[in-house]
Amino acid sequence: MLDLRILRDDPDRLRENLAIRKIAVFDDLPPQAPDWAAATVARLSELDRRYRALLEEEERLRHEQNEVAAAMKGLGALPADERAARRKTLVEKGRALRENERLLAEQVAKARAARDEAWARVPNLTHPDAPRGDGDDAHRLLRTVGTPRDFEAEGFVPRDHLAVAEGLGIVDFEAGARVAGQKFYYLVEDGALLDLALQRYALEVARRHGFRLHVTPDLARAEIVAGLGFQPRGPSTQIYSVADADLCLIGTAEITLGGMLADTILDAEDLPLLLAGLSHCFRTEAGAAGQESKGLYRVHQFTKVELFAFTHGDEAVSDAMHRRFLDIEIEIFEGLGIPFRVLDMATGDLAAPAYRKYDLEAWLPGRGGYGEITSTSNCTDYQARRLKIRYRDAAAGKGRKKNRFVHMVNGTAVATSRAIVAIVENYQQADGTVVVPEVLRPWVGKDVIAPV
RNA sequence: GGAGGAGUGGCCGAGCGGUCGAAGGCGGCGGACUUGAAAUCCGUUGAGCCCCCCGUGGGCUCCGUGGGUUCGAAUCCCACCUCCUCCGCCA
(Lines give C-alpha, C1' and ligand atoms only; values in the text may rest on other atoms or scores of the structure.)
Protein backbone atom coordinates (compact mmCIF):
# COMPACT_ATOMS: atom_id res chain seq x y z
CA MET A 1 0.00 0.00 0.00
CA LEU A 2 1.24 3.43 -0.95
CA ASP A 3 1.11 6.60 1.10
CA LEU A 4 -2.20 8.33 0.35
CA ARG A 5 -0.39 11.64 0.26
CA ILE A 6 0.87 10.72 -3.19
CA LEU A 7 -2.71 10.66 -4.44
CA ARG A 8 -3.45 14.05 -2.90
CA ASP A 9 -0.19 15.88 -3.47
CA ASP A 10 1.22 14.39 -6.65
CA PRO A 11 -1.45 12.68 -8.75
CA ASP A 12 0.64 13.16 -11.90
CA ARG A 13 3.40 11.03 -10.48
CA LEU A 14 0.85 8.37 -9.62
CA ARG A 15 -0.57 8.46 -13.13
CA GLU A 16 2.86 8.18 -14.73
CA ASN A 17 3.76 5.30 -12.46
CA LEU A 18 0.56 3.42 -13.29
CA ALA A 19 1.29 3.91 -16.97
CA ILE A 20 4.68 2.20 -16.77
CA ARG A 21 3.54 -0.53 -14.37
CA LYS A 22 0.48 -1.52 -16.37
CA ILE A 23 -1.36 -2.89 -13.36
CA ALA A 24 -5.12 -2.41 -13.34
CA VAL A 25 -6.67 -0.98 -10.20
CA PHE A 26 -10.27 -1.16 -11.45
CA ASP A 27 -11.43 -4.13 -13.48
CA ASP A 28 -13.27 -1.92 -15.97
CA LEU A 29 -10.15 0.21 -16.52
CA PRO A 30 -7.59 -2.24 -17.89
CA PRO A 31 -4.27 -0.94 -19.21
CA GLN A 32 -5.59 -1.33 -22.76
CA ALA A 33 -8.36 1.23 -22.24
CA PRO A 34 -7.78 4.77 -23.52
CA ASP A 35 -6.45 7.14 -20.85
CA TRP A 36 -6.80 4.37 -18.34
CA ALA A 37 -4.10 5.71 -16.01
CA ALA A 38 -5.59 9.18 -15.82
CA ALA A 39 -9.09 7.75 -15.42
CA THR A 40 -7.83 5.47 -12.66
CA VAL A 41 -6.28 8.34 -10.74
CA ALA A 42 -9.42 10.44 -11.17
CA ARG A 43 -11.57 7.67 -9.77
CA LEU A 44 -9.21 7.10 -6.85
CA SER A 45 -9.30 10.81 -6.04
CA GLU A 46 -13.07 10.80 -6.15
CA LEU A 47 -13.26 7.81 -3.78
CA ASP A 48 -10.89 9.54 -1.40
CA ARG A 49 -12.81 12.82 -1.53
CA ARG A 50 -16.10 11.09 -0.88
CA TYR A 51 -14.74 9.26 2.13
CA ARG A 52 -13.24 12.39 3.63
CA ALA A 53 -16.41 14.44 3.15
CA LEU A 54 -18.48 11.81 4.94
CA LEU A 55 -15.87 11.42 7.66
CA GLU A 56 -15.89 15.12 8.32
CA GLU A 57 -19.64 15.10 8.78
CA GLU A 58 -19.47 12.11 11.10
CA GLU A 59 -16.78 13.71 13.21
CA ARG A 60 -18.92 16.81 13.55
CA LEU A 61 -21.78 14.70 14.93
CA ARG A 62 -19.42 12.95 17.31
CA HIS A 63 -18.18 16.26 18.53
CA GLU A 64 -21.73 17.28 19.38
CA GLN A 65 -22.27 13.97 21.16
CA ASN A 66 -19.17 14.58 23.22
CA GLU A 67 -20.46 18.01 24.15
CA VAL A 68 -23.76 16.57 25.34
CA ALA A 69 -21.93 13.99 27.45
CA ALA A 70 -19.70 16.69 28.90
CA ALA A 71 -22.68 18.93 29.72
CA MET A 72 -24.21 16.05 31.67
CA LYS A 73 -21.26 16.09 34.02
CA GLY A 74 -21.86 19.68 35.11
CA LEU A 75 -25.44 18.99 36.25
CA GLY A 76 -24.63 18.00 39.83
CA ALA A 77 -24.71 21.52 41.25
CA LEU A 78 -28.24 22.35 40.08
CA PRO A 79 -31.46 22.01 42.14
CA ALA A 80 -33.11 18.62 41.77
CA ASP A 81 -36.09 19.54 39.58
CA GLU A 82 -34.07 21.67 37.18
CA ARG A 83 -31.43 18.99 37.02
CA ALA A 84 -34.04 16.42 36.02
CA ALA A 85 -35.42 18.64 33.29
CA ARG A 86 -31.98 19.47 31.85
CA ARG A 87 -31.02 15.87 32.05
CA LYS A 88 -34.07 14.80 30.09
CA THR A 89 -33.32 17.32 27.33
CA LEU A 90 -29.71 16.26 27.10
CA VAL A 91 -30.50 12.56 27.02
CA GLU A 92 -32.96 13.11 24.21
CA LYS A 93 -30.50 15.19 22.26
CA GLY A 94 -27.74 12.69 22.81
CA ARG A 95 -29.94 9.84 21.74
CA ALA A 96 -30.95 11.62 18.54
CA LEU A 97 -27.33 12.42 17.74
CA ARG A 98 -26.38 8.82 18.28
CA GLU A 99 -29.02 7.60 15.84
CA ASN A 100 -27.85 10.02 13.17
CA GLU A 101 -24.23 9.25 13.75
CA ARG A 102 -24.82 5.54 13.39
CA LEU A 103 -26.54 5.95 10.08
CA LEU A 104 -23.68 8.08 8.86
CA ALA A 105 -21.06 5.72 10.26
CA GLU A 106 -22.35 3.01 7.97
CA GLN A 107 -21.84 5.21 4.93
CA VAL A 108 -18.42 6.26 6.14
CA ALA A 109 -17.38 2.63 6.57
CA LYS A 110 -18.61 1.80 3.07
CA ALA A 111 -16.86 4.76 1.50
CA ARG A 112 -13.69 3.95 3.33
CA ALA A 113 -13.78 0.30 2.32
CA ALA A 114 -14.29 1.30 -1.30
CA ARG A 115 -11.32 3.65 -1.21
CA ASP A 116 -9.05 1.30 0.71
CA GLU A 117 -9.86 -1.68 -1.48
CA ALA A 118 -8.96 0.27 -4.59
CA TRP A 119 -5.93 1.89 -3.00
CA ALA A 120 -4.55 -1.47 -1.89
CA ARG A 121 -4.42 -2.50 -5.54
CA VAL A 122 -2.34 0.48 -6.61
CA PRO A 123 1.19 -0.75 -7.29
CA ASN A 124 4.32 0.53 -5.59
CA LEU A 125 6.33 3.36 -7.08
CA THR A 126 9.17 2.39 -9.36
CA HIS A 127 12.93 2.75 -9.20
CA PRO A 128 13.95 5.48 -11.68
CA ASP A 129 16.59 3.22 -13.25
CA ALA A 130 14.35 0.21 -13.78
CA PRO A 131 13.96 -0.44 -17.51
CA ARG A 132 10.62 0.65 -18.92
CA GLY A 133 8.30 -1.55 -20.89
CA ASP A 134 7.02 -5.10 -20.68
CA GLY A 135 7.68 -8.43 -22.30
CA ASP A 136 10.85 -10.53 -22.37
CA ASP A 137 12.81 -8.06 -24.50
CA ALA A 138 12.29 -5.16 -22.14
CA HIS A 139 14.44 -6.51 -19.32
CA ARG A 140 17.97 -5.20 -18.99
CA LEU A 141 20.74 -7.77 -19.06
CA LEU A 142 23.12 -6.93 -16.25
CA ARG A 143 25.56 -9.83 -16.30
CA THR A 144 26.20 -13.27 -17.63
CA VAL A 145 27.98 -15.65 -15.32
CA GLY A 146 29.58 -18.95 -16.31
CA THR A 147 29.73 -20.60 -19.69
CA PRO A 148 27.22 -23.17 -20.91
CA ARG A 149 28.77 -26.58 -21.62
CA ASP A 150 29.35 -27.51 -25.21
CA PHE A 151 27.38 -30.75 -25.36
CA GLU A 152 28.00 -31.08 -29.08
CA ALA A 153 31.73 -31.20 -28.44
CA GLU A 154 31.10 -33.78 -25.77
CA GLY A 155 29.22 -35.81 -28.32
CA PHE A 156 25.70 -36.05 -26.94
CA VAL A 157 22.41 -34.22 -26.93
CA PRO A 158 21.39 -33.00 -23.48
CA ARG A 159 18.04 -34.22 -22.26
CA ASP A 160 15.58 -32.25 -20.18
CA HIS A 161 15.71 -32.66 -16.42
CA LEU A 162 12.57 -34.76 -16.29
CA ALA A 163 13.97 -37.40 -18.58
CA VAL A 164 17.25 -37.51 -16.68
CA ALA A 165 15.69 -37.45 -13.22
CA GLU A 166 13.14 -40.11 -14.00
CA GLY A 167 15.88 -42.20 -15.55
CA LEU A 168 17.74 -41.97 -12.26
CA GLY A 169 14.62 -42.67 -10.23
CA ILE A 170 15.15 -39.58 -8.08
CA VAL A 171 11.73 -38.06 -8.80
CA ASP A 172 8.32 -39.73 -8.97
CA PHE A 173 5.55 -37.67 -10.55
CA GLU A 174 3.24 -40.66 -11.00
CA ALA A 175 3.05 -41.26 -7.28
CA GLY A 176 2.65 -37.52 -6.75
CA ALA A 177 -0.33 -37.45 -9.08
CA ARG A 178 -1.87 -40.49 -7.45
CA VAL A 179 -1.68 -38.95 -3.99
CA ALA A 180 -2.08 -35.22 -4.50
CA GLY A 181 -2.72 -34.60 -8.21
CA GLN A 182 -0.75 -33.36 -11.17
CA LYS A 183 2.26 -31.13 -10.52
CA PHE A 184 2.93 -32.92 -7.24
CA TYR A 185 5.90 -35.22 -6.94
CA TYR A 186 8.04 -37.28 -4.65
CA LEU A 187 11.77 -36.81 -4.38
CA VAL A 188 13.37 -40.18 -3.93
CA GLU A 189 16.74 -41.23 -2.45
CA ASP A 190 19.44 -39.05 -4.05
CA GLY A 191 16.71 -36.65 -5.17
CA ALA A 192 15.71 -36.18 -1.53
CA LEU A 193 19.35 -35.80 -0.51
CA LEU A 194 19.93 -33.25 -3.25
CA ASP A 195 16.95 -31.25 -2.02
CA LEU A 196 18.21 -31.26 1.55
CA ALA A 197 21.76 -30.51 0.46
CA LEU A 198 20.60 -27.42 -1.41
CA GLN A 199 18.79 -26.22 1.69
CA ARG A 200 21.85 -26.72 3.88
CA TYR A 201 24.13 -25.12 1.35
CA ALA A 202 21.94 -22.04 0.96
CA LEU A 203 21.50 -21.72 4.70
CA GLU A 204 25.23 -21.84 5.27
CA VAL A 205 25.79 -19.05 2.78
CA ALA A 206 22.99 -17.01 4.33
CA ARG A 207 24.35 -17.48 7.83
CA ARG A 208 27.80 -16.51 6.70
CA HIS A 209 26.28 -13.24 5.52
CA GLY A 210 24.69 -12.63 8.91
CA PHE A 211 21.14 -13.82 8.32
CA ARG A 212 19.28 -15.30 11.29
CA LEU A 213 17.86 -18.68 10.45
CA HIS A 214 14.14 -19.42 10.73
CA VAL A 215 12.02 -22.41 9.86
CA THR A 216 8.71 -20.65 9.32
CA PRO A 217 5.06 -21.73 9.36
CA ASP A 218 3.84 -23.01 6.00
CA LEU A 219 0.47 -21.35 6.58
CA ALA A 220 -0.45 -17.77 7.28
CA ARG A 221 -3.58 -15.75 7.96
CA ALA A 222 -5.22 -14.22 4.89
CA GLU A 223 -4.66 -10.77 6.36
CA ILE A 224 -0.90 -11.30 6.50
CA VAL A 225 -0.88 -12.68 2.97
CA ALA A 226 -2.71 -9.58 1.79
CA GLY A 227 -0.40 -7.38 3.82
CA LEU A 228 2.56 -8.62 1.80
CA GLY A 229 0.69 -7.66 -1.35
CA PHE A 230 -0.57 -11.06 -2.43
CA GLN A 231 -4.19 -11.68 -3.31
CA PRO A 232 -5.34 -14.44 -0.96
CA ARG A 233 -8.64 -15.01 -2.75
CA GLY A 234 -10.14 -14.59 -6.15
CA PRO A 235 -10.32 -16.53 -9.39
CA SER A 236 -6.77 -15.88 -10.55
CA THR A 237 -5.08 -16.26 -7.18
CA GLN A 238 -1.85 -18.16 -6.86
CA ILE A 239 -2.60 -18.91 -3.23
CA TYR A 240 -4.28 -21.99 -1.78
CA SER A 241 -6.78 -21.35 1.01
CA VAL A 242 -7.69 -23.74 3.77
CA ALA A 243 -11.42 -24.46 3.96
CA ASP A 244 -13.23 -23.32 7.11
CA ALA A 245 -10.23 -21.40 8.36
CA ASP A 246 -8.80 -17.98 7.76
CA LEU A 247 -5.56 -19.56 6.60
CA CYS A 248 -3.62 -19.77 3.36
CA LEU A 249 -0.79 -22.04 2.32
CA ILE A 250 2.10 -19.71 1.77
CA GLY A 251 3.56 -19.28 -1.70
CA THR A 252 6.87 -18.13 -0.23
CA ALA A 253 8.45 -17.54 3.17
CA GLU A 254 8.47 -13.87 2.17
CA ILE A 255 4.96 -13.96 3.66
CA THR A 256 5.92 -15.49 6.99
CA LEU A 257 9.16 -13.56 7.36
CA GLY A 258 7.59 -10.26 6.39
CA GLY A 259 4.58 -10.88 8.60
CA MET A 260 6.70 -11.77 11.62
CA LEU A 261 6.91 -8.19 12.80
CA ALA A 262 3.46 -6.92 11.81
CA ASP A 263 2.18 -4.22 14.16
CA THR A 264 5.49 -3.62 15.83
CA ILE A 265 7.74 -0.66 16.32
CA LEU A 266 11.42 -1.48 16.14
CA ASP A 267 14.43 0.36 17.46
CA ALA A 268 16.39 2.11 14.74
CA GLU A 269 19.61 0.60 16.10
CA ASP A 270 18.29 -2.92 15.47
CA LEU A 271 18.15 -2.30 11.72
CA PRO A 272 18.90 -3.76 9.34
CA LEU A 273 17.36 -7.05 10.37
CA LEU A 274 18.54 -9.94 8.21
CA LEU A 275 16.38 -13.07 8.25
CA ALA A 276 16.63 -16.34 6.39
CA GLY A 277 13.55 -18.52 6.23
CA LEU A 278 13.11 -22.14 5.26
CA SER A 279 9.61 -23.16 4.26
CA HIS A 280 7.54 -25.16 1.88
CA CYS A 281 5.90 -23.08 -0.80
CA PHE A 282 2.53 -23.78 -2.39
CA ARG A 283 1.22 -22.33 -5.60
CA THR A 284 -1.94 -23.04 -7.51
CA GLU A 285 -0.22 -22.09 -10.78
CA ALA A 286 -3.63 -21.20 -12.17
CA GLY A 287 -3.47 -21.01 -15.94
CA ALA A 288 0.13 -22.16 -16.33
CA ALA A 289 0.91 -24.94 -18.76
CA GLY A 290 3.20 -25.89 -21.61
CA GLN A 291 6.77 -26.90 -22.25
CA GLU A 292 8.18 -24.29 -19.88
CA SER A 293 6.09 -25.74 -17.08
CA LYS A 294 7.34 -29.25 -17.56
CA GLY A 295 8.50 -31.44 -14.69
CA LEU A 296 9.93 -29.78 -11.63
CA TYR A 297 10.07 -26.34 -13.22
CA ARG A 298 6.52 -25.38 -12.27
CA VAL A 299 5.01 -27.38 -9.43
CA HIS A 300 2.40 -26.90 -6.73
CA GLN A 301 4.81 -27.46 -3.87
CA PHE A 302 8.50 -26.91 -3.37
CA THR A 303 10.95 -25.97 -0.69
CA LYS A 304 12.72 -22.66 -0.54
CA VAL A 305 15.26 -20.78 1.51
CA GLU A 306 14.26 -17.15 1.44
CA LEU A 307 16.29 -14.10 2.37
CA PHE A 308 14.58 -11.16 3.97
CA ALA A 309 15.66 -7.75 5.28
CA PHE A 310 14.01 -4.95 7.19
CA THR A 311 15.98 -1.75 6.65
CA HIS A 312 15.68 1.91 7.51
CA GLY A 313 13.05 3.69 5.46
CA ASP A 314 15.48 5.24 3.06
CA GLU A 315 15.62 4.39 -0.61
CA ALA A 316 19.39 4.58 -0.74
CA VAL A 317 19.60 2.11 2.15
CA SER A 318 17.12 -0.44 0.84
CA ASP A 319 18.55 -0.07 -2.64
CA ALA A 320 22.02 -0.95 -1.35
CA MET A 321 20.55 -3.92 0.53
CA HIS A 322 18.80 -5.01 -2.65
CA ARG A 323 22.12 -5.10 -4.51
CA ARG A 324 23.63 -7.02 -1.61
CA PHE A 325 20.86 -9.58 -1.96
CA LEU A 326 21.62 -9.88 -5.64
CA ASP A 327 25.29 -10.45 -4.87
CA ILE A 328 24.41 -13.26 -2.45
CA GLU A 329 22.17 -14.92 -5.01
CA ILE A 330 24.96 -14.69 -7.54
CA GLU A 331 27.38 -16.17 -5.04
CA ILE A 332 25.06 -19.10 -4.39
CA PHE A 333 24.59 -20.05 -8.03
CA GLU A 334 28.14 -19.32 -8.96
CA GLY A 335 29.09 -21.71 -6.18
CA LEU A 336 26.80 -24.34 -7.65
CA GLY A 337 28.58 -23.94 -10.98
CA ILE A 338 25.43 -23.17 -12.95
CA PRO A 339 25.67 -20.74 -15.88
CA PHE A 340 23.14 -17.96 -15.54
CA ARG A 341 22.32 -14.41 -16.45
CA VAL A 342 21.10 -11.53 -14.33
CA LEU A 343 18.20 -9.35 -15.41
CA ASP A 344 16.95 -6.00 -14.21
CA MET A 345 13.25 -6.60 -14.67
CA ALA A 346 11.16 -4.21 -16.73
CA THR A 347 8.51 -2.04 -15.07
CA GLY A 348 5.62 -3.74 -16.84
CA ASP A 349 6.59 -7.09 -15.35
CA LEU A 350 6.92 -6.07 -11.72
CA ALA A 351 4.42 -7.37 -9.21
CA ALA A 352 2.54 -4.66 -7.34
CA PRO A 353 4.70 -4.53 -4.19
CA ALA A 354 8.05 -4.39 -6.01
CA TYR A 355 9.91 -1.13 -6.47
CA ARG A 356 12.62 -2.94 -8.39
CA LYS A 357 13.32 -6.61 -9.11
CA TYR A 358 16.32 -8.59 -10.29
CA ASP A 359 15.99 -12.14 -11.60
CA LEU A 360 18.60 -14.83 -12.01
CA GLU A 361 17.92 -17.05 -14.98
CA ALA A 362 19.81 -20.32 -15.28
CA TRP A 363 20.89 -21.74 -18.57
CA LEU A 364 18.87 -24.91 -19.08
CA PRO A 365 20.45 -27.12 -21.78
CA GLY A 366 17.42 -29.41 -21.92
CA ARG A 367 15.31 -26.48 -22.97
CA GLY A 368 18.02 -24.64 -24.84
CA GLY A 369 17.07 -21.45 -23.08
CA TYR A 370 17.10 -19.58 -19.82
CA GLY A 371 14.66 -20.13 -16.97
CA GLU A 372 14.11 -18.14 -13.79
CA ILE A 373 15.71 -19.65 -10.73
CA THR A 374 15.76 -16.84 -8.20
CA SER A 375 14.43 -13.35 -7.81
CA THR A 376 14.98 -10.47 -5.46
CA SER A 377 12.73 -7.46 -4.92
CA ASN A 378 12.97 -4.22 -3.04
CA CYS A 379 9.44 -3.49 -1.87
CA THR A 380 10.42 -0.29 -0.02
CA ASP A 381 7.69 0.63 2.47
CA TYR A 382 4.80 -0.77 0.39
CA GLN A 383 4.32 -3.87 2.54
CA ALA A 384 5.42 -2.23 5.78
CA ARG A 385 2.70 0.39 5.57
CA ARG A 386 -0.08 -2.17 5.44
CA LEU A 387 1.57 -4.45 8.01
CA LYS A 388 2.37 -1.47 10.26
CA ILE A 389 6.03 -2.28 10.70
CA ARG A 390 7.80 0.85 11.89
CA TYR A 391 10.88 1.97 13.72
CA ARG A 392 11.60 4.88 16.00
CA ASP A 393 13.79 7.29 14.17
CA ALA A 394 15.61 10.33 15.48
CA ALA A 395 14.00 13.09 13.45
CA ALA A 396 15.70 16.27 12.30
CA GLY A 397 14.69 18.09 15.48
CA LYS A 398 16.59 17.67 18.70
CA GLY A 399 15.80 14.51 20.60
CA ARG A 400 12.44 13.96 18.94
CA LYS A 401 11.73 10.49 17.72
CA LYS A 402 9.44 9.84 14.86
CA ASN A 403 8.01 6.51 13.77
CA ARG A 404 8.79 5.62 10.19
CA PHE A 405 7.96 2.63 8.07
CA VAL A 406 10.77 0.18 7.42
CA HIS A 407 11.76 -0.87 3.94
CA MET A 408 11.50 -4.57 3.13
CA VAL A 409 13.73 -6.49 0.74
CA ASN A 410 13.22 -10.13 -0.18
CA GLY A 411 15.10 -12.60 -2.31
CA THR A 412 15.41 -16.27 -3.06
CA ALA A 413 18.49 -18.00 -1.71
CA VAL A 414 17.44 -21.23 -3.33
CA ALA A 415 14.18 -22.74 -4.55
CA THR A 416 15.13 -26.39 -4.44
CA SER A 417 12.92 -27.63 -7.25
CA ARG A 418 14.26 -25.18 -9.80
CA ALA A 419 17.81 -25.58 -8.55
CA ILE A 420 17.43 -29.31 -9.09
CA VAL A 421 16.22 -28.66 -12.63
CA ALA A 422 19.31 -26.55 -13.29
CA ILE A 423 21.71 -29.01 -11.68
CA VAL A 424 20.33 -32.08 -13.42
CA GLU A 425 20.35 -30.44 -16.83
CA ASN A 426 23.76 -28.82 -16.50
CA TYR A 427 25.55 -31.68 -14.78
CA GLN A 428 24.11 -34.55 -16.78
CA GLN A 429 26.47 -36.97 -18.53
CA ALA A 430 26.11 -39.04 -21.64
CA ASP A 431 25.46 -42.19 -19.61
CA GLY A 432 22.49 -40.60 -17.84
CA THR A 433 24.26 -40.00 -14.55
CA VAL A 434 24.51 -36.58 -12.91
CA VAL A 435 27.63 -35.13 -11.34
CA VAL A 436 26.95 -33.58 -7.92
CA PRO A 437 28.14 -29.96 -7.68
CA GLU A 438 31.14 -29.87 -5.44
CA VAL A 439 29.61 -27.61 -2.80
CA LEU A 440 26.78 -30.09 -2.27
CA ARG A 441 28.90 -33.21 -1.92
CA PRO A 442 29.31 -32.98 1.86
CA TRP A 443 25.56 -33.35 2.22
CA VAL A 444 24.72 -35.63 -0.70
CA GLY A 445 27.58 -37.88 0.29
CA LYS A 446 28.65 -38.80 -3.24
CA ASP A 447 30.19 -37.31 -6.37
CA VAL A 448 27.86 -38.76 -8.95
CA ILE A 449 24.19 -39.70 -8.92
CA ALA A 450 23.67 -42.94 -10.81
CA PRO A 451 20.62 -45.21 -11.21
CA VAL A 452 20.16 -47.58 -8.30
C1' G B 1 -10.71 -31.05 23.20
C1' G B 2 -12.30 -29.68 28.76
C1' A B 3 -11.80 -26.15 33.14
C1' G B 4 -9.96 -21.64 34.92
C1' G B 5 -7.05 -16.78 34.38
C1' A B 6 -5.26 -12.75 31.46
C1' G B 7 -4.58 -9.16 27.12
C1' U B 8 -3.61 -1.20 28.78
C1' G B 9 1.56 3.38 25.60
C1' G B 10 8.66 1.47 22.93
C1' C B 11 8.64 -2.17 27.46
C1' C B 12 6.55 -3.40 32.50
C1' G B 13 2.31 -2.15 35.16
C1' A B 14 -2.22 0.67 37.94
C1' G B 15 -7.08 1.92 36.69
C1' C B 16 -14.09 3.82 40.43
C1' G B 17 -19.50 4.05 33.90
C1' G B 18 -18.15 10.73 33.39
C1' U B 19 -12.70 15.45 35.39
C1' C B 20 -8.70 9.01 31.59
C1' G B 21 -4.75 9.56 26.49
C1' A B 22 -4.90 7.03 30.85
C1' A B 23 -1.06 6.73 37.79
C1' G B 24 3.74 4.65 38.67
C1' G B 25 8.20 2.40 36.90
C1' C B 26 11.73 1.22 32.95
C1' G B 27 13.57 2.95 28.45
C1' G B 28 14.33 7.42 25.25
C1' C B 29 15.43 12.70 24.96
C1' G B 30 17.11 17.50 27.32
C1' G B 31 19.52 19.59 31.55
C1' A B 32 22.23 19.82 36.52
C1' C B 33 26.35 17.45 39.02
C1' U B 34 31.31 15.18 37.03
C1' U B 35 37.84 15.86 33.87
C1' G B 36 34.68 11.92 31.55
C1' A B 37 31.39 8.00 32.81
C1' A B 38 28.30 5.62 36.47
C1' A B 39 25.09 6.93 40.39
C1' U B 40 21.79 10.86 41.86
C1' C B 41 18.50 14.95 40.93
C1' C B 42 15.20 18.20 37.65
C1' G B 43 12.38 18.44 33.28
C1' U B 44 10.35 16.07 29.08
C1' U B 45 8.40 11.90 26.17
C1' G B 46 2.17 7.67 22.74
C1' A B 47 -0.01 6.73 17.89
C1' G B 48 -3.30 7.34 13.69
C1' C B 49 -6.66 10.40 11.06
C1' C B 50 -9.66 14.83 9.35
C1' C B 51 -10.35 20.24 8.58
C1' C B 52 -8.81 25.18 7.88
C1' C B 53 -7.77 31.73 7.96
C1' C B 54 -1.28 26.39 7.97
C1' G B 55 -0.90 28.26 13.64
C1' U B 56 2.97 27.56 20.20
C1' G B 57 -4.90 26.47 15.29
C1' G B 58 -9.51 23.28 15.66
C1' G B 59 -11.58 18.39 15.76
C1' C B 60 -12.14 12.82 15.65
C1' U B 61 -10.34 8.02 16.94
C1' C B 62 -7.31 4.40 19.55
C1' C B 63 -6.68 0.47 26.36
C1' G B 64 -6.24 -7.55 21.95
C1' U B 65 -10.19 -7.54 17.49
C1' G B 66 -15.29 -6.90 16.11
C1' G B 67 -20.20 -5.99 17.73
C1' G B 68 -23.73 -4.35 21.67
C1' U B 69 -25.82 -1.57 26.15
C1' U B 70 -25.58 3.87 27.60
C1' C B 71 -26.56 10.88 27.06
C1' G B 72 -21.41 8.99 28.12
C1' A B 73 -17.34 2.68 27.96
C1' A B 74 -10.33 1.06 29.25
C1' U B 75 -14.29 0.10 32.92
C1' C B 76 -20.78 -3.43 31.72
C1' C B 77 -22.62 -7.50 27.95
C1' C B 78 -21.69 -10.90 23.53
C1' A B 79 -18.51 -13.18 19.85
C1' C B 80 -13.72 -14.01 18.09
C1' C B 81 -8.24 -13.96 18.40
C1' U B 82 -3.86 -14.52 21.37
C1' C B 83 -1.21 -15.85 25.78
C1' C B 84 -0.75 -18.40 30.72
C1' U B 85 -2.15 -22.50 34.33
C1' C B 86 -4.36 -27.34 35.11
C1' C B 87 -6.58 -31.89 32.83
C1' G B 88 -7.09 -35.00 28.46
C1' C B 89 -4.98 -36.52 23.71
C1' C B 90 -0.76 -36.85 20.64
C1' A B 91 4.42 -36.88 16.68
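Predicted, not measured: the structure shown is a model, and the values here were computed from it. Protein chains get the first letters and strands the later ones, always in sequence-line order, with residue 1 at the start of each. When reading the values below, keep in mind they use all heavy atoms of this one structure, side chains included, and skip hydrogens, waters and symmetry mates.
Contact annotation: A/Arg102 reaches the phosphate of B/U69 (side-chain N/O to OP1 or OP2, under 4.0 Å). OP1 or OP2 of B/C60 has not a single side-chain nitrogen or oxygen of A/Arg62 nearer than 4.0 Å. A close approach under 4.0 Å does not occur between any side-chain nitrogen or oxygen of A/Asn66 and OP1 or OP2 of B/C71. Regarding contacts with the backbone of B/C50, every side-chain N or O of A/Arg112 stays at 4.0 angstrom or more from both OP1 and OP2.
Taking every side-chain heavy atom of A/His63 into account, B/G59 is the closest of B/C71, B/G59, B/G10. The nucleotide whose nearest atom lies closest to any side-chain atom of A/Arg98 is, among B/U70, B/C49, B/C60, B/U70. Residue A/Glu56 has its side chain nearest to B/C50 when only B/G59, B/G72, B/C50 are considered. When each of B/G10, B/G72, B/G59 is scored by its nearest atom to the side-chain atoms of A/Arg392, the top-ranked nucleotide is B/G10.
Residue A/Asp267 is out of contact with every strand shown, counting any heavy-atom pair closer than 4.0 Å. Heavy atoms of A/Arg221 sit under 4.0 angstrom from primed sugar atoms or phosphate atoms, though from no base atom. If you check every strand for non-hydrogen atoms under 4.0 Å, A/Arg390 touches sugar and phosphate atoms only.
Partner of A/Arg60 under the side chain to side chain donor-acceptor pair (under 3.5 Å) criterion, out of A/Glu58, A/Glu57, A/His63: A/Glu57 alone.
If you check B/A23 for Watson-Crick or wobble pairing at under 3.5 angstrom, you find it has no partner at all. Using the Watson-Crick or G-U wobble rule with both distances under 3.5 Å, B/U44 pairs with B/G28. Both distances falling under 3.5 Å, in either a Watson-Crick or a G-U wobble arrangement, place B/C83 opposite B/G5.
Sparse packing is recorded around CD of A/Glu189, with 12 or fewer heavy atoms of other residues, nucleotides or ligands lying under 6.0 Å away. Atom CZ of A/Arg43 has more than 12 heavy atoms from other residues, nucleotides or ligands within 6.0 Å.
Ring planes of A/Phe282 and A/Tyr240: perpendicular class, angle over 60° (limits at 30 and 60°).
Across all their heavy atoms, A/Gly167 and A/Pro451 have their closest contact at O-CB, 4.2 Å.
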